[in-house]
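Just so we're clear, the structure is a prediction, and the values are computed from it rather than from any experiment.
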Amino acid sequence: MFQDDIAWTPEGEVAMSTLVFDSDDLERTEEFLSKAYAKMRIGSSTPSANRARIRRDNIESITVDELDLDFDMSYAVSPLGRICLCVVHSGTIEDHVYPGVEDAFGPGDVVSLAPPDLPYSGRVRNARYNITMLDPALLSQVAATVEQRTPQPVRLTGHRPHSAAAAGHLRRTIAYVRDHALADPAIADQPLIRATVSQLLAGSVLTAFPNTALTDPTASDRNDAHPGTLQRALSHIDDHADEPLTVADIAAAAHVSIRALQYAFRRHLDTTPMAYVRRVRLAHAHHDLATAAPETATVTDIATRWGFFHPARFAALYRETYRTSPSATLRS
């Protein structure tokens with residue numbers, strides 16, 4: 001059984017889609033998984049039970065899937081071309097292998113299943129788990145890369161997070177994206193929400209896993225982090241706050257590396273580029289709340305328009321900044 005629920009942008013492009021798959025036919029499950037991930041072969045050692053239940057929420061370069069398999073399923077998967085994260089809720093994933101790695105995962109584990117260019121195989125044993133996939137290019141959009149002037153793609157260099165705390169943070173981020181940003185197609189349809197979610201998830205992946213990005217500024221980065229760099233960055237943010245922005249976009253507009261940009265904001269403003277973007281967007285949301293007609297506008301509509309998809313967090317940030325609630329500003 002398939003069920004599709006797709007939200008369309010005004011231009012006719014898919015902004016967010018939800019797909020539900022439920023079948024006890026192993027061949028249909030293999031066909032579905034091959035289309036949803038990459039070409040694969042699956043098998044079952046429990047012929048009396050082969051039911052697979054899968055829900056996928058998709059938003060541009062990110063997919064978040066919840067899978068529930070009530071049988072033991074072997075898998076052999078071609079390279080995905082994407083970063084594929086797995087969070088195990090129950091059951092186990094055993095004999096998971098790709099070149100150079102052999103591992104097993106249980107409840108609570110969060111791992112990267114394989115580099116985007118490598119095949120992998122293993123066995124799922126009566127498991128319920130989350131699969132989150134993202135475009136590898138997102139990592140380079142939010143991180144400083146090894147070469148300053150000729151950026152190289154950022155790669156993960158390990159399949160497990162470097163600490164339990166990092167794993168927990170990533171696990172919570174995935175749940176946050178799933179339960180808030182992707183829970184309502186009307187929210188996920190907002191361009192700034194899609195950009196914010198992508199950067200949030202990519203940043204959490206970089207924080208959790210060892211990778212090739214460099215975060216410390218070089219001598220050249222320090223020299224570039226002068227007030228002129230900061231002013232070019234601030235002007236670009238102010239002029240494009242209503243558009244999707246990444247730290248890479250801002251660095252390019254300021255004609256410096258990402259590390260130099262980050263160092264300039266830290267040196268002169270004691271903040272980060274994206275925190276400043278959030279501050280500017282909050283000011284725009286404040287203006288819209290103050291000037292909108294309460295009978296035709298809502299706090300949620302205005303907040304999501306400016307990239308804030310969690311109502312409670314938006315309200316807390318707004319109150320901290322303006323010493324009143326968003327709803328009070330709208331009513332006034």
Side-chain angles (χ1 to χ4, degrees), residues 4-18 57-64 138 141-142 172-204 233-247 249-250 253 269 271-332:
D4 298 275
D5 182 12
I6 301 177
W8 297 88
T9 64
E11 295 78 19
E13 298 178 350
V14 175
M16 175 189 169
S17 65
T18 297
D57 291 309
N58 179 76
I59 179 172
E60 287 191 336
S61 54
I62 293 173
T63 59
V64 180
L138 290 174
Q141 293 175 9
V142 301
R172 290 190 295 273
T173 299
I174 291 171
Y176 178 65
V177 168
R178 178 196 63 204
D179 296 340
H180 296 285
L182 302 184
D184 184 347
I187 293 177
D189 186 49
Q190 296 292 331
L192 294 190
I193 296 294
R194 299 198 297 271
T196 299
V197 168
S198 298
Q199 294 175 61
L200 173 65
L201 186 57
S204 296
L234 297 181
S235 296
H236 185 76
I237 292 170
D238 290 339
D239 291 343
H240 300 276
D242 60 340
E243 303 171 14
L245 282 174
T246 68
V247 66
D249 296 332
I250 302 166
L269 295 180
T271 189
T272 67
M274 297 315 297
Y276 183 83
V277 169
R278 183 176 62 177
R279 184 191 310 172
V280 170
R281 289 174 175 167
L282 183 67
H284 282 289
H286 171 67
H287 174 269
D288 288 356
L289 287 166
T291 57
E295 62 271 14
T296 60
T298 69
V299 171
T300 298
D301 288 343
I302 291 172
T304 54
R305 183 187 311 151
W306 289 105
F308 301 95
F309 58 85
H310 191 293
R313 293 194 179 188
F314 172 71
L317 179 62
Y318 190 92
R319 185 179 293 276
E320 177 183 345
T321 304
Y322 296 106
R323 305 303 177 189
T324 188
S325 68
S327 58
T329 299
L330 180 61
R331 288 195 303 270
S332 67

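- Closest approach of Ile193 and Thr304 over heavy atoms only: CG1-O, 3.5 Å.
- Atoms CG and CG, on Leu234 and Asp239 in that order, are 10.5 Å from each other to the nearest 0.5 Å.
- Residues forming a side-chain contact (heavy atoms from CB on, under 4.5 Å) with Arg279 (at least two apart in sequence, or on another chain): Thr271, Tyr276.
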- request: Apply the test side chain to side chain donor-acceptor pair (under 3.5 Å) to residues Thr246 and Asp249: give CA-CA distance (whole Å), side-chain angles for both, the deciding distance (0.1 Å), then the verdict.
  value: CA-CA 5 Å; Thr246 68; Asp249 296 332; 3.1 Å; yes

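- The side chain to side chain donor-acceptor pair (under 3.5 Å) contacts involving residues 288-299 comprise Asp288-Arg305, Asp288-Trp306, Thr298-Asp301, where partners must be two or more places apart or lie in separate chains.
- His286 places none of its side-chain heavy atoms less than 4.5 Å from the side chain of Thr321.
- The main-chain N or O of Asp189 is found under 3.5 Å from a side-chain atom of Arg194 such that the two form a donor-acceptor pair.
- Residues Ser61 and Leu138 come closest through the heavy atom pair OG-CD1, 3.5 Å.
- Judged as a salt bridge (Lys or Arg N to Asp or Glu O under 4.0 Å), and not counting sequence neighbours, the contacts of Arg178 are Glu66.
- Across all non-hydrogen atoms, the minimal contact from Pro273 to Ile237 is O-CD1, 4.3 Å.
- Listed here is the closest heavy atom pair of Leu192 and Pro244: CD2-N, 3.5 Å.
- For His236, the ring pair (Phe, Tyr, Trp, His ring centres under 6.0 Å) test picks out His240, with sequence neighbours left out.
- The distance from atom CD1 of Ile59 to atom OG of Ser17, rounded to the nearest 0.5 Å, is 10.0 Å.
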field: Evaluation steps, side chain to side chain donor-acceptor pair (under 3.5 Å), between Asn58 and Thr63
entry: CA-CA 4 Å; Asn58 179 76; Thr63 59; 5.0 Å; no

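- When all heavy atoms of Arg281 and Thr196 are compared, the pair lying nearest together is NH1-OG1, 4.1 Å.
- Scanning all heavy atoms of the two residues, the minimum distance from Gly203 to Val142 falls at N-CG2, 4.1 Å.
- For the ring pair (Phe, Tyr, Trp, His ring centres under 6.0 Å) with Phe314, the qualifying choice from Tyr322, Phe309, Phe308 is Phe308, the only one to do so.
- Sorted pairs that involve residues 317-329 and meet salt bridge (Lys or Arg N to Asp or Glu O under 4.0 Å), not counting sequence neighbours, are lacking altogether.
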Enumerate, atom names and distances included, each donor-acceptor pair closer than 3.5 Å involving a side-chain atom of residues 324-332, sequence neighbours excluded.
from	atom 1	to	atom 2	distance (Å)
Ser325	OG	Ser327	OG	3.2
Ser325	OG	Ala328	N	3.1
Thr329	OG1	Tyr318	OH	2.8
Thr329	OG1	Ser325	O	3.3
Ser332	OG	Ala328	O	3.4
Ser332	OG	Thr329	O	2.7

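- Taken from OG in Ser235 to CD1 in Ile250, the straight-line distance is 12.0 Å, to the nearest 0.5 Å.
- Rounding to the nearest 0.5 angstrom, the gap separating the CG atom in Asp179 from the NE2 atom in His310 is 9.0 Å.
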